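The structure displayed is predicted, hence computed values, not measured ones.
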Amino acid sequence: MSGIRTALTSSFRWRSDPPVWPAERTHYADYTSWWREPAILCGVGPALSELFPEITPTVVMGTESRGCLLGPLVAAHLGIGFAEVRKRAERASDDDVWFVRRTPPDYRGRNLELAVRRSAIHVGDQVLFVDDWAASGGQALACQRLVADAEASWLGAAVIVDGLESSSTRRRLNLRAILHLRDLDR
């Protein structure tokens, strides 16, 4: 695990936009280089799955967009399938059954509509949620409700960076991470 942690932290950067006013500099996380590094792409699936050595999921779930990048890496490592969660999903037909939930406010204060096809999660499935970053936990909480709607079981949330301020949300989600926000120096 230390090799992937080192690779993630060394290729991570905090960026800032030019300030409109001197005291208003905006900082944001730039981790786009993670997806360019073959060692990270090869190592992140196993590293995320190793956060939960005691469980045996039957499906991995992830949201657009980064969860849909990372989730299949974890699923392929585990030899199981992947359930894609869409934001503002458009239904192709009337017989296309979806579970839909709204998120609590996210880190930008938005409430998003998340949806998963009924056929993607089976009754009794053991679901592991995967994403890149947990800031507010809102998307994971909505996905946890989608899993309950499907009469499946939520095992936990595996993320690259835990930026949650609420330990109760972390416990509720059973969230584990490769890195914590404090590991990414500003």
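- Taking CG of Asn111 as the start and OG1 of Thr103 as the end, the distance is 5.0 Å to the nearest 0.5 Å.
- Salt bridge status for Asp30 with Arg15: present, with a side-chain N to carboxylate O gap under 4.0 Å.
- In terms of heavy atoms, Ser136 sits closest to Pro105 at OG-O, 3.7 Å.
- Considering SG of Cys42 and CD of Glu37, their distance stands at 11.0 Å, rounded to 0.5 Å.
- Annotation for Val60 and Gly71: closest pair CG1-O, 3.7 Å, computed over non-hydrogen atoms.
- Among residue pairs with one or both ends in residues 63-83, none qualify as ring-ring contact (aromatic ring centres under 6.0 Å, His included); sequence neighbours excluded.
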Salt bridge (charged side-chain N to carboxylate O under 4.0 Å, His left out) assessment of Arg5 paired with Glu50
CA-CA 13 Å; Arg5 288 175 53 87; Glu50 289 167 10; over 6 Å; no

Would Arg118 and Trp98 count as a side chain to side chain contact (heavy atoms under 4.5 Å, CB included) here? Give the steps.
CA-CA 5 Å; Arg118 174 65 185 109; Trp98 293 73; over 6 Å; no

Determine all donor-acceptor pairs shorter than 3.5 Å in which one atom belongs to a side chain in residues 154-164; sequence neighbours excluded.
from	atom 1	to	atom 2	distance (Å)
Trp154	NE1	Leu173	O	2.9
Asp162	OD1	Leu164	N	2.9
Asp162	OD1	Arg170	NH2	3.2
Asp162	OD2	Arg170	NE	2.6
Asp162	OD2	Arg170	NH2	3.3

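- Rounded to the nearest 0.5 Å, atoms CZ (Phe99) and SG (Cys143) are 13.0 Å apart.
- Residue Ser11 holds its OG atom at 12.5 Å from CZ of Arg36, rounded to the nearest 0.5 Å.
- In this structure, Ser153 and Val147 have side chains that are not in contact, with every pair of non-hydrogen atoms separated by 4.5 Å or more.
- Between Glu64 and Gln139 the shortest heavy-atom distance is O-OE1, 4.4 Å.
- Side-chain N or O atoms of Asp183 include one that pairs as donor or acceptor with a backbone N or O of His180 at under 3.5 Å.
- With rounding to the nearest 0.5 Å, the separation of CZ in Arg13 from CG in Leu184 is 11.0 Å.
- Note that the CZ atom of Arg86 and the SG atom of Cys68 stand 8.5 Å from one another [nearest 0.5 Å].
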Using atom types as modelled, flag every donor-acceptor pair under 3.5 Å from a side chain in residues 127-135 to any protein atom, sequence neighbours excluded.
from	atom 1	to	atom 2	distance (Å)
Asp131	OD1	Gly67	N	3.4
Asp132	OD2	Tyr31	OH	2.6

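- Side-chain contact between Leu112 and Arg102 is absent, with no heavy atoms from C-beta onward closer than 4.5 Å.
- Between Ile178 and Leu51 there is a side-chain heavy-atom pair separated by less than 4.5 Å.
- Between Ile55 and Gln126 the shortest side-chain heavy-atom distance does not fall below 4.5 Å.
- Of all the heavy atoms in Leu114 and Ala142, the pair that sits closest is CD1-CB, 3.8 Å.
- Using modelled atom types, no side-chain atom of Trp34 and backbone atom of Ile40 make a donor-acceptor pair closer than 3.5 Å.
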Check step by step if side chain to side chain contact (heavy atoms under 4.5 Å, CB included) holds for Leu146 and Val116.
CA-CA 7 Å; Leu146 290 170; Val116 65; 4.2 Å; yes

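- Across Met61 and Ile121, no two heavy atoms sit closer than the pair CE-CD1, 3.2 Å.
- Heavy atoms only, all atoms of each residue included: Leu78 and Ser49 are closest at CD2-CB, 3.8 Å.
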